[in-house]
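The structure appears right after this line, and notes come after that.
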Protein chains: 2
Amino acid sequence: MAQNGKLAADLVQKLERDIVTGILKPGDKLDERSLSERFGVSRTPVREALQTLAGSGLVATMPRRGTIVASITVAELIEMFEVMAELEAMCARLAARRMPRADIENLIALSEECSALQGHADADAYYEANVRFHEAIYAGCRNSFLERQTKNVRNRLAPYRRLQLHRPGRVKKSNNEHAEILSAISNGEADVAGKLMQQHVAVQGEALNDLLAIVPRGYLEPLAS
Amino acid sequence: MAQNGKLAADLVQKLERDIVTGILKPGDKLDERSLSERFGVSRTPVREALQTLAGSGLVATMPRRGTIVASITVAELIEMFEVMAELEAMCARLAARRMPRADIENLIALSEECSALQGHADADAYYEANVRFHEAIYAGCRNSFLERQTKNVRNRLAPYRRLQLHRPGRVKKSNNEHAEILSAISNGEADVAGKLMQQHVAVQGEALNDLLAIVPRGYLEPLAS
DNA sequence: AACGCATTTCTGGTATACAAAATTGCATAG
DNA sequence: CTATGCAATTTTGTATACCAGAAATGCGTT
């Protein structure tokens, strides 16, 4: 997609990984000089990388004020989850119609992987398995543009989605929903799969309040923006 | 969003406009030096601008091979229209639920503007009115993230959508569909509005063949990519 | 002691210079 | 006459130097 030079491309990947995995948190400052020293390159590729990341929305740069890991407002968080739910629903609908049998078998395996990690102490392990399950469905929609678009929004929401796991009972409920979605896809029930996925991903009602309650300070912009 | 320096931001706007309005066509080469001379700036802001445009997908840059106005494959074209239809459908669904009365009045005016330009000689005039009608619905969904996302995909499809108008009979059919969509939104029938919009935007069956038939060479990448 | 203004310093924005890679054209050989 | 390979030129990628604007700090005044 956004192919820059080799150095810049490397930086994009590294920074992206650090943001998505939570090493870099929303609001963290990304100083050009320190980054260039840390990676042993000049400021130019660093700027190109930040530019690319700004394009995909993972970082925000204010003119003359520097670049930070994107932190969003509560309103944007709600908006993005609303869109995310609908994008994933579309993936599920299309997957129900298009996913080959072999890939569905694989999806079953990924679902079982999630179940196996249900009570696991390491929340990250479940998170990763969960990501693989969802990505398998993205791939199943057989629309690589939709797949990229969906992954992009998911990346931007990653810091916030990660928080949801820590809510007690969430993992078990999530697994049950996976099973239902899987069944709908397997039976080719497109609309059912879409609706279930939409509800699975959407954050509404109490769940939204719970999420907002555990978002650390700095993850969200103050109201005065 | 992607706030770069003043010069770069200007360039982004200008180039974006030229691409969306068709002055720059898919496959056109964007030489850094000529652009910098033409706009009277150095290569740095030009590169930043191209970087940003690459992020939004309007241009494609291959390492050491330069930047061109993005030209897509037939497969991508189909994929993008599929997603576009669904994004606009979501806008319409939400607009049916959330659009204030005053804005609906405005939407009616825009619809009439489209109708008035139906037989007009200047196809571009209708195209612009059509864009305003659709954008009013994007705004009506009251989800600015969805609005941005939808506009982004529409921009990328602009060079191809523009071609559709030239198909005889299309404009009249389009106007009838507008009226139906408008009515559904006005009555708060979310699912109906969504379904109608999805069908209005989707390019399928014969319409797809017609579109592909009039796409000029260079607008689509050769199969060997 | 506190508030406001000026100066300094730090960081981002722009320009330019340099290096590396790719394309193109010419020359030579088959 | 054509094809292949080498060289020259063009163009991108990276580094560095310079400039401008914003934040921070310190001094003076009230």
Side-chain angles (χ1 to χ4, degrees), chain A residues 1-16 18-19 24-71 218 221-222 224-225, chain B residues 1-16 19 24 26-71 218 221-222 224-225:
Chain A
M1 195 195 295
Q3 281 288 25
N4 13 25
K6 198 177 162 298
L7 293 184
D10 277 3
L11 287 179
V12 169
Q13 282 206 339
K14 283 188 179 134
L15 290 173
E16 195 168 76
D18 284 358
I19 293 171
L24 286 168
K25 299 184 199 319
D28 282 1
K29 209 160 181 314
L30 295 172
D31 180 61
E32 293 179 2
R33 276 184 169 80
S34 355
L35 286 175
S36 72
E37 286 171 15
R38 184 172 143 212
F39 291 105
V41 298
S42 85
R43 277 179 54 214
T44 307
V46 170
R47 280 180 68 80
E48 306 245 320
L50 293 179
Q51 197 75 24
T52 297
L53 290 170
S56 73
L58 281 174
V59 308
T61 105
M62 289 93 76
R64 302 267 169 205
R65 302 281 302 272
T67 302
I68 58 169
V69 177
S71 87
E221 282 175 28
S225 176
Chain B
M1 193 193 301
Q3 282 287 25
N4 13 25
K6 198 176 161 302
L7 294 183
D10 276 5
L11 288 179
V12 168
Q13 281 205 340
K14 283 185 180 135
L15 289 173
E16 195 169 76
I19 293 171
L24 287 169
D28 283 1
K29 207 157 183 315
L30 295 172
D31 180 60
E32 294 178 2
R33 205 178 304 275
S34 4
L35 286 175
S36 72
E37 285 171 14
R38 183 172 146 214
F39 290 106
V41 298
S42 85
R43 275 179 54 216
T44 308
V46 170
R47 280 182 68 81
E48 307 242 321
L50 293 179
Q51 197 76 21
T52 297
L53 290 170
S56 73
L58 281 174
V59 307
T61 106
M62 289 92 77
R64 300 270 172 202
R65 302 282 299 273
T67 302
I68 59 169
V69 178
S71 88
E221 281 176 30
S225 177

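For the numbers below, each heavy atom of this structure counts, side chains included, while hydrogens, waters and symmetry mates do not. Numbered from 1 within each chain, the chains take letters A, B, ... in sequence-line order.
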If I take atom CD from residue A:Glu48 and atom CG from residue B:Leu50, how far apart are they, to the nearest 0.5 angstrom? 9.5 Å
What integer distance in Å separates A:Arg47:CZ from C:dT11:C1'? 10 Å
Rounded to whole angstrom units, what separation is found between the CD atom of B:Glu48 and the P atom of D:dT12? 16 Å
If we check side-chain contact (heavy atoms from CB on, under 4.5 Å) with A:Val59, which of these qualifies: A:Thr52, A:Ile68, A:Ile19? A:Ile19
Taken to the nearest whole Å, CD/A:Gln51 to P/C:dT14 is 10 Å
Grab the CD-P distance between A:Glu32 and D:dC19 for me, whole Å please. 19 Å
N or O in side chain of A:Arg65 less than 4.0 angstrom from C:dG12 OP1/OP2: no
Looking only at D:dA15, C:dA22, C:dA15, the nucleotide nearest the B:Val41 side chain is C:dA15
Nucleotide nearest A:Arg33 (side chain, heavy atoms from C-beta), chosen from C:dT11, D:dG13, C:dA15: C:dT11
Result for 5'-nearest mapping on DNA chain D, choosing between A:Pro45 and B:Leu30, is B:Leu30
Roughly how many Å is it from CG in A:Leu7 to P in C:dA19, rounded to a whole number? 16 Å
Distance in Å, B:Gln13 CD paired with B:Leu53 CG, rounded so as to fall on 0.5 Å steps: 11.0 Å
Verify the contact: side-chain N or O of B:Arg64 to OP1 or OP2 of C:dA20, cut-off strictly under 4.0 Å; return yes or no. no
Nucleotide D:dG21, atom P - distance to CE of A:Met62 in whole Å: 18 Å
Enter the distance from A:Arg38:CZ to A:Leu11:CG here, rounded to the nearest 0.5 Å. 9.5 Å
Output the rounded distance in Å from CG (A:Leu50) to P (C:dT11). 15 Å
One should read off an interatomic distance between B:Glu32 CD and B:Thr67 OG1, to the nearest 0.5 angstrom, of 6.0 Å
Suppose we call a contact any N or O donor and acceptor under 3.5 Å apart; does that hold for the side chain of A:Arg43 and the base of C:dG13? yes
So, is A:Thr44 near the phosphate of D:dT14, with a side-chain N or O under 4.0 Å from OP1 or OP2? no
Please report, rounded to the nearest Å, how far the P atom of D:dG13 is from the CG atom of B:Asp31. 12 Å
